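Below is one structure; the comments refer to it alone.
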2 protein chains.
Amino acid sequence: MPEVDRIDLKIIQALKRNARISNAELAETVGTSVSSCWRRVRALEDSGVIAGYTVQLDDKQMGMGFQAIVHVQLRRHAHDDFAPFVKAMHLQDEIRACWATTGQADYHLHVVCADIDGFNRFLDEFLFRMPAVASAQTNLILRTLK
Amino acid sequence: MPEVDRIDLKIIQALKRNARISNAELAETVGTSVSSCWRRVRALEDSGVIAGYTVQLDDKQMGMGFQAIVHVQLRRHAHDDFAPFVKAMHLQDEIRACWATTGQADYHLHVVCADIDGFNRFLDEFLFRMPAVASAQTNLILRTLK
DNA sequence: CATGAAAAAGTTCACCA
DNA sequence: TGGTGAACTTTTTCATG
């Protein structure tokens with residue numbers, strides 16, 4: 001289990017806000033020397049606590065103004081159709097997150113599309129064409145608080 | 001509306017995979033000159049398509065092995081309690097995402113805790129103590145596909 | 001007016017006290 | 001652990017198509 005202390009947590013907080021901050025500025029922010037800070041970041045990367053760095057995109061700026069939570073039920077005994085379902089989840093760009101869950105739905109998807117027409121195409125031409133999918137319910141996202 | 005062409009999309013794809021790639025390598029990957037690539041990244045940042053850069057953390061490595069989707073209903077006419085609710089969503093570290101949605105639930109939360117005890121504390125000591133919250137249902141996350 | 005090359009400023013990362 | 005500096009990267013400037 002990798003040890004993560006108070007300073008490591010401060011480093012993580014700062015990198016969450018801006019992953020492209022320079023090491024000198026990061027050291028200043030968390031109150032440690034440049035060398036020590038650099039070694040800590042390295043250690044967090046090596047231990048796997050930091051899995052990587054990514055870009056935050058503004059979906060609206062990219063013309064992706066429609067979001068929804070889709071609750072999906074799979075067909076029982078659809079074992080042969082399951083692997084293609086998993087693969088498709090990964091390939092489909094509109095699907096931002098896919099979780100297997102307890103409860104009424106087997107899967108919760110976070111879906112991002114250009115508009116309601118795009119979402120309609122996503123359902124008709126992709127989701128309901130998957131042999132593994134039995135049914136799905138949609139909750140539109142009105143506002144993203146976080 | 002900012003123009004985003006094929007090369008911009010390639011840049012975005014590459015930065016999604018690794019936001020800390022050097023500009024020279026990025027230019028090589030997308031097949032353009034270093035200067036041109038740098039100006040494109042700048043333009044994507046300035047236009048707001050790129051909102052920022054962040055770190056991807058491995059929750060399990062950090063001892064956060066429990067995840068759930070929580071469906072929250074607010075009390076009607078709880079107008080005075082709403083602003084504190086929004087603020088609390090932002091402050092609470094366990095809450096990774098919070099969406100206002102249509103349907104039975106008013107809000108969908110993605111929650112990450114250490115274990116089921118931590119989640120129990122999250123519900124008892126935080127969520128059910130919010131005056132704005134009327135009720136909540138939980139779906140445990142069994143597996144994250146994406 | 002956009003592009004690329006190249007100089008100037010700043011950053012990373014291995015090494016040593 | 002903290003400081004130093006060579007290698008590398010970013011960002012500005014300038015000449016060219």
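This one's a predicted model, so the numbers in the text were calculated from it and none came from an experiment. Each chain gets a letter, A, B and so on, in the order the sequences are listed, and its residues count up from 1.
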May I have the step-by-step check of side chain to side chain donor-acceptor pair (under 3.5 Å) for A/Thr54 and B/Gln56, ending in yes or no? CA-CA 7 Å; A/Thr54 194; B/Gln56 293 172 299; 4.6 Å; no

Test side chain to side chain donor-acceptor pair (under 3.5 Å) on A/Gln137 and A/Gln73 and set out the steps.
CA-CA 9 Å; A/Gln137 295 82 43; A/Gln73 289 87 35; 3.1 Å; yes

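Annotation: salt bridge (charged side-chain N to carboxylate O under 4.0 Å, His left out) contacts involving residues 102-118 of chain A, sequence neighbours excluded, comprise A/Arg76-A/Asp106.
Regarding B/Glu28, its CD atom lies at a distance of 18 Å from the C1' atom of D/dT10, rounded to whole Å. Remark: P of D/dT11 and CD of B/Glu45 are 8 Å apart, rounded to the nearest angstrom.
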Output one line per pair: protein atom, nucleotide atom from nucleotides 12-15 of chain C, and distance, for all N/O pairs under 3.5 Å.
unit_1	atom_1	unit_2	atom_2	d
C/dT12	OP1	A/Asn23	N	3.3
C/dT12	OP2	A/Asn23	N	2.7
C/dC13	OP2	A/Trp38	NE1	2.9

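In this structure, the side chain of B/Arg40 does not engage the main chain of B/Ile7 through any donor-acceptor pair within 3.5 Å.
B/Arg96 has a carboxylate O that lies under 4.0 Å from a charged side-chain N of B/Asp59, or vice versa, which qualifies the two as a salt bridge.
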